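Small disclaimer: the values here were computed from a predicted structure and weren't measured. Values reported hereafter were calculated over all heavy atoms of this structure, with side chains retained and with hydrogens, waters and symmetry mates removed. The chain is numbered in sequence order, starting from 1.
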Amino acid sequence: MKKFLLRILLFLIPAISILVGAECYMRSIPNSYQLKDDWMQRNGYAVSTLLLGNSHGYFALSPSVMGDSVFNLCNVSQRLEQDYFLLRHYADKYKALKRIILVADNSNLFDTPMEDDEPARVTYYQLYMGYRAHSMLSQYGFELADMSYVWKKVNFYWKGESIMCDSLGWGNNYVVANRNADDFLYENVRQHHFASWEDTHRNRDNMNAIAAWCQQHHVELILLQTPVCEDYTRKADPWQLRLVNAMVDSCCAQYGAQKRDYSCDSRSRDTDFFDSDHLSDQGARKFSAILAHDLQILQR
């Protein structure tokens, strides 16, 4: 029996060593979550305008165009739950914070939980941004728990694309020259569907919680809808868009937030988009300048 257990132990030691080494290697690969956490830990005291939201903000809002002391804390597929967490997570750093710009539109107010849709991203928040919704010994505490994301991350790293944002958090890899014309065919235009009232109410509550925090801390809150292609709006359910605006308007009335809807802004051209609902690098610079100008008007 002792020999049998010894053989099992001798077999397990190399296997465990390989797994530990692979996990350490994955965590050593740079990523945007780690970059943004490091930036906030070092510079959060100086930020005056903090950008929160999903890919609509990640690709559309360039801090370097918008002015000094602006940082983009958005990430692809980021839920309002994570937005609220990040806002509070760095609260002890804020010394100059005056404004939050939060994406609140058709793309995130109907989201299902990240655990249901993209669990590997929960792992990134757990490991690199202090998110503690789950035990670190759960599947969300190890990058190797989702091998499909492991291969994607390694592949991007080998191609030199492991961090696809600039030093201020803007996702700058949606280069207009690389866009695919097929993405703009009506049948390929993205749709964000209503999932359930439970999900909708949870997202609304997280948006309202962010608004309540801002009101309590005397921070201006801008609820933002970024530019999208005409076909994206045309393809969306009209009742769903009305519900988005009703929830945003209610939040503004209750907590003193301000709504800025650029979803159908006539200044955005088809050539400003990378796909049907994301701006290209060219379009993002243009829109960021427009938004910065409009916010200066609001401050007068």
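From L221, atom CG reaches atom CG of L50 across 11.0 Å, with rounding to the nearest 0.5 Å. With rounding to the nearest 0.5 Å, the separation of CG in L97 from CD in E220 is 10.5 Å. To the nearest 0.5 angstrom, T200 atom OG1 is 6.0 Å from M247 atom CE. For the atom pair OH (Y174) and CZ (F59), the distance works out to 4.0 Å, reported to the nearest 0.5 Å. One distance of note links CG of L295 with CZ of R260; it measures 6.5 Å at 0.5 Å rounding. Once rounded to the nearest 0.5 Å, the distance linking CG of N108 with CD of E81 reads 13.0 Å.
Within the cation-pi definition used here (under 6.0 Å to the ring centroid, within 45° of the axis), R121 does not qualify as a partner of Y125. Geometric assessment of K152 against the ring of Y149 yields a positive cation-pi assignment under the 6.0 Å and 45° thresholds.
One finds a salt bridge joining D294 and R267 here, because a Lys/Arg side-chain nitrogen approaches an Asp/Glu carboxylate oxygen to under 4.0 Å. Between D183 and R190 there is no salt bridge, since no side-chain nitrogen of the basic residue lies less than 4.0 Å from a carboxylate oxygen of the acidic one. Here R202 does not pair with D205 in a salt bridge; the nearest charged N to carboxylate O distance is not below 4.0 Å.
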For this session: For N245 and R242, run side chain to side chain contact (heavy atoms under 4.5 Å, CB included): C-alpha distance rounded to whole Å, both residues' side-chain angles, the deciding distance at 0.1 Å, then the answer.
Result: CA-CA 5 Å; N245 285 297; R242 289 195 296 271; 6.0 Å; no
Exercise. Side chain to side chain contact (heavy atoms under 4.5 Å, CB included) between F142 and L127: does it pass, once the steps are laid out?
Worked result: CA-CA 8 Å; F142 302 94; L127 295 180; over 6 Å; no
For this session: Decide salt bridge (Lys or Arg N to Asp or Glu O under 4.0 Å) for D83 and R79; before the verdict, give the C-alpha distance in whole Å, the side-chain angles of both, and the deciding distance to 0.1 Å.
Result: CA-CA 6 Å; D83 289 320; R79 270 53 169 183; over 6 Å; no
Exercise. Should V103 and L52 be marked as a side chain to side chain contact (heavy atoms under 4.5 Å, CB included) after you check the CA-CA gap, both sets of side-chain angles, and the distance that decides it?
Worked result: CA-CA 6 Å; V103 173; L52 291 169; over 6 Å; no
For this session: Output, in order, the C-alpha distance, side-chain angles, deciding distance and verdict of side chain to side chain contact (heavy atoms under 4.5 Å, CB included) for N208 and N206.
Result: CA-CA 5 Å; N208 288 345; N206 279 307; over 6 Å; no
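At distances below 3.5 Å, not a single donor-acceptor pair connects side-chain atoms of S288 with backbone N or O atoms of R285. Without hydrogens or angle criteria, D281 side chain to V176 main chain gives a donor-acceptor distance under 3.5 Å. Without hydrogens or angle criteria, Q215 side chain to I210 main chain gives no donor-acceptor distance under 3.5 Å. A donor-acceptor pair is defined here as one N or O able to donate and one able to accept, closer than 3.5 Å; no such pair exists between the side chain of D38 and the backbone of L35. Under the 3.5 Å distance criterion, the side-chain polar atoms of E118 are left unmatched by any main-chain donor or acceptor of S77. Judged by distance alone, the side chain of K36 and the main-chain N or O of G169 form a donor-acceptor pair under 3.5 Å. Q282 places no side-chain N or O within 3.5 Å of a backbone atom of F273 that could act as its donor or acceptor partner. At least one donor-acceptor pair under 3.5 Å links the side chain of N43 to the backbone N or O of W39.
Residues D272 and F287 have side chains not in contact (no heavy-atom distance under 4.5 Å, counting atoms from C-beta outward). Annotation: side chain of P63 is in contact with side chain of W170 (closest heavy-atom distance under 4.5 Å). Looking at heavy atoms from C-beta onward, M40 lies out of side-chain contact with M129 at the 4.5 angstrom threshold. Between I290 and Y262, some side-chain heavy-atom pair lies under the 4.5 Å cut-off. Residues L109 and D111 fail the side-chain proximity criterion, which asks for heavy atoms closer than 4.5 Å. Between L102 and L80, the closest side-chain pair of non-hydrogen atoms falls below 4.5 Å. Side-chain contact between L87 and W213: present, with at least one pair of heavy atoms (C-beta onward) separated by less than 4.5 Å. At a threshold of 4.5 Å between non-hydrogen side-chain atoms, the residues V189 and D275 do not count as touching.
Y84 and F71 fall within the same hydrophobic cluster, where Ile, Leu, Val, Met, Phe, Trp and Tyr residues are linked whenever their side-chain heavy atoms come under 4.5 Å apart, directly or through other members. L291 and I100 are assigned to two separate hydrophobic clusters, defined by single-linkage of ILVMFWY side chains at heavy-atom distances under 4.5 Å. When the side chains of ILVMFWY residues are joined at heavy-atom separations under 4.5 Å, either directly or via intervening members, W151 and M164 end up in two distinct hydrophobic clusters. Transitive grouping of hydrophobic side chains (ILVMFWY, heavy atoms separated by less than 4.5 Å) keeps L51 and F85 in distinct clusters. With hydrophobic clusters built from ILVMFWY side chains whose heavy atoms lie under 4.5 angstrom apart, L61 does not share a cluster with V47.
Nearest heavy-atom pair, L223 versus A104, reported as atom, atom and distance to 0.1 Å: CD2-CB, 4.3 Å. Pairing each heavy atom of L279 with each of A284, the nearest pair is CB-N, 3.9 Å. The nearest pair of heavy atoms linking S263 to T233 is O-OG1, 4.4 Å.
The neighbour count for D182 CG, taken as heavy atoms of other residues, nucleotides or ligands under 6.0 Å away, is above 12. More than 12 non-hydrogen atoms from other residues, nucleotides or ligands lie less than 6.0 angstrom from CD of E161. For W239, the CH2 atom is densely surrounded, since the number of other residues' heavy atoms within 6.0 Å is greater than 12. Open room surrounds NZ on K95; 12 or fewer heavy atoms of other groups in view lie less than 6.0 Å from it.
A side chain to side chain donor-acceptor pair (under 3.5 Å) with Y131 is found for one member of Q126, Q82, H89 and no other, namely Q82. Only one option out of N178, V175, N173 pairs with F274 in a side chain to side chain contact (heavy atoms under 4.5 Å, CB included); it is N178. Each of Y58, Y124, Y128 was compared with S32 under the side chain to side chain contact (heavy atoms under 4.5 Å, CB included) criterion, and only Y58 meets it.
For the 3.5 Å distance criterion, the side chains of D199 and S196 qualify, holding a donor opposite an acceptor. With hydrogens and angles left out, the side-chain atoms of Q139 and H134 include no donor and acceptor closer than 3.5 Å. There is a side-chain donor-acceptor pair under 3.5 Å between S107 and N54. For the residue pair H217/Y94, the side-chain donor-acceptor check at 3.5 Å is not satisfied.
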Between side-chain atoms of residues 19-31 and protein atoms elsewhere (two or more places apart, or another chain), which donor-acceptor pairs fall under 3.5 Å?
from, atom 1, to, atom 2, distance (Å)
E23, OE1, E143, N, 3.3
E23, OE1, L144, N, 3.1
E23, OE2, R27, NE, 2.9
E23, OE2, R27, NH2, 3.2
E23, OE2, E143, N, 2.9
R27, NH2, G141, O, 2.8
S28, OG, Y25, O, 2.6
N31, OD1, Y33, N, 3.1
N31, OD1, Q34, N, 2.8
N31, ND2, I29, O, 3.4

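Residue pairs that meet the salt bridge (charged side-chain N to carboxylate O under 4.0 Å, His left out) test with at least one member in residues 226-236, sequence neighbours left out, are E230-R234, D231-R234.
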